[in-house]
Amino acid sequence: MVTQAAPAMTMAPSEPEIDWDSLASRARLARRTRAVVLYAFLIAVSLPIILPYFWLVTIAFSARTGVAETAVLWRSMAVVVPVIVGFWLAAALARNRRQLWFGFAAVAAVAVVAFALLVGPDLHLGNFIFLWEPDFASVVRSRVGEVKGAVQFPNVWHAFGNSILIAGAQTAIVVTVASLAAYYLSRFQFPGRSSMLRSLLVLHAFPVLTLIVPMFLMLYWIGLLDTLFGVILVLVAFELPFAIFIMKGFFDAVPWDIEMSALTDGASRRQAFVSVVLPQVRNGILAVAVFTFIRGWEEYIFVFTFLIRNSNWTMSLYMYWVRDDVMGVDYGVVSAVGVFYLVPSLILYMAAQRYLMQMSVGGVKG
Amino acid sequence: QETVKLELWSRQDPSGPLRAGNVVKAAERLNKELEAEGSPKRVEVVVRESPAKGFDDDALQLLKVFGIGEGPDMFIAAHEWICAFQEDGFVLKLDDYIAKYPQHFGTIFPSLWSSAKCPDGTYAIPQDAEARMFFYNKQLLREAGYDDAFIDSMPERTLSGDLTMDEVLDIAKQVVEKTKAQYGVLHRPNKGPDYIMAFNAYGNDFVDPKTGNLLLERDKLAAAFGWFERGVKEGVIPANNTAMEFDALRKEFYTGNAAFWMYGIWDLGSVAFPTYGLPQDEEAFFKDWGWIPGPAAEKGGSPVSLTHPIVYVIAADTKEPELAVRLLGHASAADLNTDHAVTTTHLGIKPEQLEDPRYAEAWPLARATELLKITKFLPNNAQFGELNGIIYAGIQGVESGRLSAQEAADFVIEEASSALEDVIVK
Amino acid sequence: MAKIEFRHVSKRFGAVEVIPDMDLVIEDGEFAALLGPSGCGKSTSLFMLAGIYLPSGGELLFDGHLVNEVEARDRNVGIVFQSYALYPHMSVRDNILFPLRFKKTPRDEALARVKAAADLVRVTELLDRRPSELSGGQQQRVALARALVKKPQLLLLDEPLSNLDASLRLSMRTEIKSLHEQLGVTTVLVTHDQIEATTMADRIICMRAGRIEQVGTPDDLYLRPSSLFVAGFIGSPPINLVAGKAEGGTFTADGTRFPVVGASGEITVGLRPEHLRFGEAGFAGRITQIEPMGREILYVVETGMGAVRVLEQGSFVGHTIGEQVKVAFRPENSLVFETKRQKLIVGAHVRTPA
Amino acid sequence: MAKIEFRHVSKRFGAVEVIPDMDLVIEDGEFAALLGPSGCGKSTSLFMLAGIYLPSGGELLFDGHLVNEVEARDRNVGIVFQSYALYPHMSVRDNILFPLRFKKTPRDEALARVKAAADLVRVTELLDRRPSELSGGQQQRVALARALVKKPQLLLLDEPLSNLDASLRLSMRTEIKSLHEQLGVTTVLVTHDQIEATTMADRIICMRAGRIEQVGTPDDLYLRPSSLFVAGFIGSPPINLVAGKAEGGTFTADGTRFPVVGASGEITVGLRPEHLRFGEAGFAGRITQIEPMGREILYVVETGMGAVRVLEQGSFVGHTIGEQVKVAFRPENSLVFETKRQKLIVGAHVRTPA
Amino acid sequence: MATIADELIERRGHAASATRRRTNFVIFLGPAIVLTVLFFIVPVIIDIAVSFTDLGRSLRITAFTTEQYEKVFRTDRRLTQVIGLTFVYVFGTLAIFNVTFGLILAITTTAIRNVSGSFFRGVWLLPRMSPSVLYILLWLWAVSPTEAGLVNQVLMQAFGLDAPLDLLTSAPIALIIISNGFIGASMGMIIFTAAIRGIPEHLFHAAAVDGAGTFATIRFITLPALRWPISFVTIYQTLSLLVSFEYILLLTKGGPFYDTTVYALYVYRRAFESGQYAYGAALALFLIVIGMVVALIGWRFFDMERLLQRPRIEVH
Ligand SMILES: Nc1ncnc2c1ncn2[C@@H]1O[C@H](COP(=O)(O)OP(=O)(O)OP(=O)(O)O)[C@@H](O)[C@H]1O
Ligand SMILES: Nc1ncnc2c1ncn2[C@@H]1O[C@H](COP(=O)(O)OP(=O)(O)OP(=O)(O)O)[C@@H](O)[C@H]1O
Ligand SMILES: [Mg+2]
Ligand SMILES: [Mg+2]
Ligand SMILES: O=P([O-])([O-])[O-]
């Protein structure tokens with residue numbers, strides 16, 4: 001309680017006279033360099049990703065001969081890159097909202113004109129013929145024209161529907177089951193809790209794709225072979241460890257006091273889970289749902305192996321089939337199918353982008 | 001009236017939609033016949049589409065499906081796989097039925113039947129055939145200094161055993177050196193039958209005629225791999241042939257950037273004409289393009305062509321074997337088979353088809369049929385599919401410089417002996 | 001309303017015993033405060049009352065009934081957290097309605113009760129907002145309304161004011177106090193802020209490291225702290241404590257000698273700053289620091305026994321730094337503790353040295 | 001040590017202008033407090049001083065030199081954050097050492113300075129611990145030592161006390177104040193707690209919504225608040241504000257009439273609770289609430305003009321709820337504001353109604 | 001209201017809480033346990049059983065035998081190379097992309113304006129969001145050994161390379177590392193971004209005021225705070241890389257020759273290209289054991305137990 005006299009500590013400035021102006025200009029330079037370096041780096045590393053996708057899209061909308069055409073790619077890049085830079089500049093230079101919108105509008109207008117002139121004439125929708133003409137190969141090349149209808153060619157909408165069904169059902173189950181399990185793991189004390197979490201990690205170390213034959217046998221024995229449901233359940237089991245891990249991280253971050261509050265407000269733990277905790281992990285559910293959906297959407301090995309009687313076309317197999325090169329590939333159509341295949345994932349992804357970034361692992365800080 | 005549903009397992013294959021399509025059509029004919037006979041039965045064909053990529057994947061999947069007793073009544077397969085099914089008793093022996101229905105099967109080329117045989121009998125019905133060859137670009141050869149006489153005589157010289165595998169490399173080398181063409185010889189970039197021609201040329205038949213077991217002869221293997229090795233060394237076969245896209249290879253050849261292209265006759269109808277605009281007129285075509293069968297290894301040796309028939313097979317446990325046979329018999333009718341042949345540039349199975357004007361009009365078919373004389377099949381051994389995978393890996397190893405020819409032969413023998421059963425090594 | 005009893009209640013987390021043995025009665029309708037430093041087990045006790053933690057031993061009774069194992073939802077307890085713990089995805093109305101959802105209260109009646117509770121805490125105009133659109137004080141009020149709407153038999157407040165700023169804290173204090181008077185519900189307030197405890201509660205339970213140090217009215221704790229800990233914890237600015245030895249009626253600390261009655265041996269004397277005054281007589285010292293605190297002035301006086309805080313009423317600074325002063329006090333205002341056992345020696349006093 | 005100047009400094013975040021135009025001089029060696037409600041831009045101003053935010057416009061000068069663009073690390077500023085912002089993975093020693101790492105101070109000298117700084121704030125025995133093993137007050141001290149070790153020309157304190165409990169807050173207040181006296185470094189304290197500002201700072205800059213409302217000594221702000229906002233913000237319990245109309249020397253509010261001098265038209269009269277007292281004369285009311293606050297008692301009196309707070313010194317409650325009382329005040333203690341412009345009318349007074 | 005705590009509640013208390021405990025376990029964990037046991041654990045058990053048979057491509061078992069294990073340990077000469085390659089692949093991808101590059105991306109994209117930052121993060125998530133078949137198709141087109149391949153176009157036109165490169169043959173390992181890395185980096189990126197965002201901003205401010213520059217801030221503030229997420233990503237992605245091969249299968253099919261056949265793919269090639277299911281099972285088992293060991297070591301080493309906080313609500 002007794003304050004001791006603090007030891008002396010001199011505060012006389014030991015530094016020599018400071019040249020504030022040069023410090024300021026150095027700082028200015030450093031700031032600019034930093035920004036330039038960061039953006040240059042990020043642009044440089046992102047181009048290798050953007051470019052192929054962009055190529056896919058340009059081919060899908062421009063290829064005519066069935067042979068990949070790259071001139072259009074470079075021409076459209078010549079439009080798109082300056083446009084992006086323009087948008088950035090507009091965003092950076094604008095001092096207020098009006099200027100911002102004005103800048104955007106100007107850049108956009110120039111972009112539209114330039115695009116129409118440079119790329120427009122090459123664009124067409126012909127490669128998307130597969131959407132309305134299942135036997136598009138015969139139409140495109142009038143090769144097997146006379147035998148049309150002898151055997152159904154796979155219909156892309158059929159494949160699309162199957163894929164949506166598989167991915168959607170799988171997502172619904174994974175999200176439900178993982179939420180339940182992750183909540184329990186995160187918020188209940190029970191014997192074996194730690195070993196449960198450990199086994200989740202261990203499960204992740206199982207090479208699922210090499211277990212296809214045992215799975216095939218097992219599905220057969222329990223009568224789920226050759227059913228969509230069987231495939232979905234296998235996919236679910238495969239995705240569960242990851243989903244539980246991620247969901248658990250989100251549950252860990254939910255404040256305890258609102259759950260406590262719900263309990264004293266008369267909810268059981270189950271009711272509190274549904275009405276109070278679950279809404280707090282919406283972001284987690286979205287993130288997990290997106291990843292799971294993509295996983296189901298792209299699946300092909302399981303679908304191919306476990307569905308033996310049903311018409312089991314999925315988008316992945318359809319994509320395979322379209323690019324089967326024994327008879328020659330039509331790159332335009334393949335790209336168009338690719339674009340079509342990509343669209344649902346992209347839509348989903350754009351809708352959920354900002355939630356995906358909130359994924360963390362476990363409630364561990366630091 | 002009683003409807004019999006017969007399931008047909010068919011790979012969804014753009015190169016031959018009528019393989020299944022003809023069976024569907026055949027049902028109508030069979031039903032009329034049954035009606036005429038006064039039989040109460042009617043047949044309905046249910047096609048089980050398989051999305052497998054390639055006949056090998058398809059066969060493995062189908063074997064599993066048979067393994068659990070869920071097999072179809074009939075299926076379409078590449079001929080070399082039938083003994084794998086026969087071995088486990090999945091497929092129906094057909095000798096008696098074939099004898100019973102000469103109206104359907106009597107005229108099928110006898111040589112094709114051998115592709116449908118396993119050691120103890122016939123287990124399949126040939127559906128089509130084709131011919132594999134070395135296509136070549138006459139313009140490039142001319143540019144490289146070969147005269148028309150030489151060029152035009154190449155097919156005959158090959159047939160007579162005068163033109164050898166090594167000469168092909170030589171010609172290709174001249175082309176690569178003297179013209180702006182980049183490649184000499186190109187071949188398929190995945191597992192398949194064509195390159196087996198080269199192995200055949202060097203005396204590899206892969207089956208021991210006495211036991212029917214797989215046979216590997218180290219020296220002959222090494223010799224065949226040696227051809228590929230030399231090709232790469234001479235700059236004629238690209239070291240990355242197996243890494244290229246199928247279509248890219250075709251493009252190189254059909255746009256005049258390669259001297260030879262080792263592939264099959266249907267490539268004309270499916271790619272060369274429609275995609276690259278090669279002249280469809282016979283004369284115009286042969287002015288600038290040509291083909292030879294697989295040449296002999298040495299002068300005076302025998303040339304080879306390879307055909308790779310696709311076959312119809314009937315499951316051993318089908319409830320209606322009789323109907324299935326009759327159904328496939330109708331599906332093998334000359335007119336239906338010709339539909340398939342002319343639309344996909346495959347060879348027919350019966351001499352009657354040669355008279356069909358449509359068939360005659362499709363001159364590549366007529367011309368390729370000539371090769372049937374010297375044609376060989378892949379061995380109908382249950383394990384050949386797997387062996388072929390190993391051989392393909394060997395080629396990849398040799399071409400990419402990872403193995404020497406000798407090492408490749410050793411590799412094939414070692415892999416095959418450990419992975420396969422009853423392999424005879426010499 | 002309920003009477004609450006802890007009978008030998010203990011609580012362990014794994015190997016750590018947070019509350020070893022707690023005995024406590026809170027009367028029906030009482031406003032009790034659990035006061036103690038951070039980590040002393042206040043929240044733990046509260047959560048046992050709410051049914052969120054299970055006691056590891058002992059008995060917890062509501063109105064004489066054992067409730068150890070009764071589920072939280074069956075206890076009819078209202079609770080307000082420091083962080084308010086409003087449900088972020090629900091409107092204020094739904095927040096307040098929430099406790100009634102599980103009671104099968106008819107919709108009309110429920111809404112009427114929500115309205116009444118909202119009126120009570122004056123958030124009626126906010127019913128349609130989301131919690132994130134409310135200020136801290138408003139959230140606080142909503143949390144209160146939510147706790148009250150179910151007419152709880154027991155209201156628990158876990159540091160409900162510590163997230164509010166000074167002036168809001170003041171007015172919420174008044175409001176909660178008057179709500180309690182109005183509703184009469186048994187209320188337990190957890191706080192580490194002695195001012196909060198003394199201004200709001202009828203009775204204060206002062207805790208330290210899981211044990212109850214003293215239970216009593218604010219005056220009890222201020223005037224008759226049973227231990228050094230309580231004496232030091234209650235009172236602001238904190239009490240001056242001077243350790244020394246009493247022998248033959250004289251207490252000696254660092255050379256300064258005080259007459260003492262009723263104690264001998266190692267003792268510690270507690271003198272509250274507000275009980276000290278400058279005068280003609282008393283122990284000597286030098287003013288080293290002057291801190292005007294609005295309507296009071298705090299002087300720090302360096303004496304032979306170390307620094308001593310003296311608090312004078314009024315806003316007039318009558319002394320200067322460096323001034324030599326004498327400090328006196330009235331004997332009845334001195335508190336004497338056994339240094340070793342840290343307990344108050346009742347009836348003992350020291351006097352200003354002559 | 002440095003003299004700080006804001007010249008027309010503004011700060012925008014995106015489209016939001018947080019500080020429109022700030023003009024301010026802080027003298028070398030001064031202890032200034034930025035006081036204002038939450039969200040008024042105090043931290044923003046401080047962060048501009050530290051070089052963490054760049055001003056959007058205007059000029060910021062240290063000793064007359066433009067520093068707008070100078071990087072934080074070149075400004076030689078020490079800062080203590082509300083959350084302390086200690087580096088969690090470093091020992092206390094490394095935390096304090098951290099600023100010296102980048103100054104190329106020789107190791108020995110650096111360690112000596114760490115020691116000196118640690119001694120200064122009395123954390124010498126804690127040097128090897130991790131921040132998580134420290135109490136709030138200790139963390140606070142370490143943060144101070146870290147800010148001081150580099151001998152800053154400017155010390156910035158962003159609500160440094162608000163995470164501490166009441167008694168710690170008190171003692172840290174004293175310590176920081178005496179450190180400032182000892183070291184003489186220009187210090188800017190940010191707080192929303194008026195008591196903190198008035199007890200610690202030489203001068204208070206009272207802010208509201210990004211603008212400076214008044215700059216002055218604590219007494220200036222208390223006795224001569226330039227605006228209604230300042231009057232309401234300073235003083236605890238808060239000032240009573242009565243709006244009404246002054247005409248012909250009479251101020252009328254809800255029927256109660258006061259004699260007024262020096263003002264007419266719509267005015268608001270401010271009367272601090274501590275300046276009101278119960279007496280024989282004055283405006284009438286009824287006591288509705290009594291709140292003992294330790295050494296003062298707060299009465300809430302319901303009058304014709306609404307509730308009025310009256311603060312009495314002492315701890316003796318001399319009145320009862322429901323009692324009818326009259327409330328009086330001294331004219332010089334009344335503050336008169338223009339209601340519309342919210343500004344003080346200097347020299348105007350009201351008197352207790354007769 | 002006082003009647004709420006009536007005797008009835010008192011008596012049923014204990015038994016009820018035990019029932020509740022059990023019911024909650026079943027409701028919450030039941031589905032996950034059933035699904036994983038059925039489709040994960042049971043297949044592993046079948047796999048063990050199968051590895052002691054001669055199960056072949058038509059799923060017939062004719063004998064019980066240990067010959068598969070003999071093959072694994074004796075005759076299979078390819079294994080050493082495969083294991084070495086697996087090591088290079090797993091640690092190469094992990095060290096270059098999944099951790100390091102993920103970290104760089106997280107740090108750089110959080111250092112710029114948020115809109116731009118999320119744009120770049122979005123770009124890097126694109127590969128993960130694309131169906132694998134499509135993603136690899138793009139790769140195949142990009143690295144196509146002809147002049148039409150995107151890489152070659154860029155190299156030849158912008159950098160004056162004269163002959164097209166064939167990366168699939170000349171640098172297949174690099175290619176599988178990069179193609180997997182482009183996907184792998186995004187997982188690290190996401191998790192590190194979330195973690196960086198979780199670092200209190202005041203720490204960065206404090207460091208800036210204390211004189212730390214960009215790199216010092218990364219070193220002293222960011223990295224220490226990311227210790228745990230980095231550990232997690234490392235162990236988790238090690239396991240992912242160890243057991244997955246989908247992209248390699250699609251891109252190179254394990255070739256040229258066996259150059260890109262990592263262990264898991266080797267199992268697949270053995271079992272599926274040739275229908276040697278029993279041998280595949282034995283090989284897979286070996287991989288499962290390795291994976292489990294790595295997982296458990298990781299658990300220990302990175303103190304994964306920390307993932308479990310003690311629940312603050314004790315009742316069920
Ligand atoms: N779930 C738990 N597991 C383990 N220890 C716990 C748990 N909850 C609390 N503790 C420990 O029990 C002790 C008392 O905690 P409690 O929260 O009751 O303190 P408190 O008095 O409320 O403190 P504060 O004023 O900081 O809220 C602390 O030391 C704390 O670390
Ligand atoms: N980085 C930022 N981006 C956008 N708005 C901001 C940012 N920082 C502060 N603001 C806004 O600026 C205003 C002033 O913030 P500031 O932190 O300076 O307030 P303050 O006076 O320190 O408040 P408090 O007492 O709550 O700390 C607030 O309305 C806040 O929402
Ligand atoms: Mg607490
Ligand atoms: Mg602030
Ligand atoms: O694989 P093929 O089509 O060439 O037999």
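Letters go in sequence order (proteins before strands), and every chain restarts at 1. Quick caveat: nothing in here was measured; it's all calculated off a predicted structure.
Other residues, nucleotides and ligands contribute more than 12 heavy atoms inside 6.0 Å of the CZ atom of D:Phe13. Counting non-hydrogen atoms of other residues, nucleotides and ligands closer than 6.0 Å to CE of E:Met292 gives a total of 12 or fewer. Residue E:Glu201 places its CD atom among 12 or fewer non-hydrogen atoms of other residues, nucleotides or ligands, all under 6.0 Å distant.
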Open item on the list: Using the rule given for ring pair (Phe, Tyr, Trp, His ring centres under 6.0 Å), can you reason through E:Phe220 versus D:Tyr87, listing the C-alpha separation, both sets of side-chain angles and the distance that settles it, and then say yes or no?
Closed with: CA-CA 8 Å; E:Phe220 291 109; D:Tyr87 309 124; 8.4 Å; no

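For the atom pair D:Ile79 CD1 and E:His202 NE2, the distance stands at 8.0 Å (nearest 0.5 Å).
Within the 4.5 angstrom heavy-atom criterion, no atom of E:Phe204 approaches chain D. The part of D:Phe47 that comes within reach of chain E is its side chain, from C-beta onward, which places non-hydrogen atoms under 4.5 angstrom from that chain. Only the side chain of D:Phe81 comes within contact range of chain E, with at least one heavy atom under 4.5 Å from a heavy atom of that chain. For D:Leu156, no part lies under 4.5 angstrom from a heavy atom of chain E.
With respect to chain D, the highest number of heavy-atom pairs below 4.5 Å among E:Ala216, E:Ala208, E:Pro200 belongs to E:Ala208.
Residues E:Leu223 and D:His89 fail the side-chain proximity criterion, which asks for heavy atoms closer than 4.5 Å.
Nearest heavy atoms, E:Leu203 versus D:Ala85: CD2-O, 3.4 Å.
The only member of D:Arg75, D:Lys103, D:Lys150, D:Arg73 that meets salt bridge (charged side-chain N to carboxylate O under 4.0 Å, His left out) when paired with E:Asp210 is D:Lys150.
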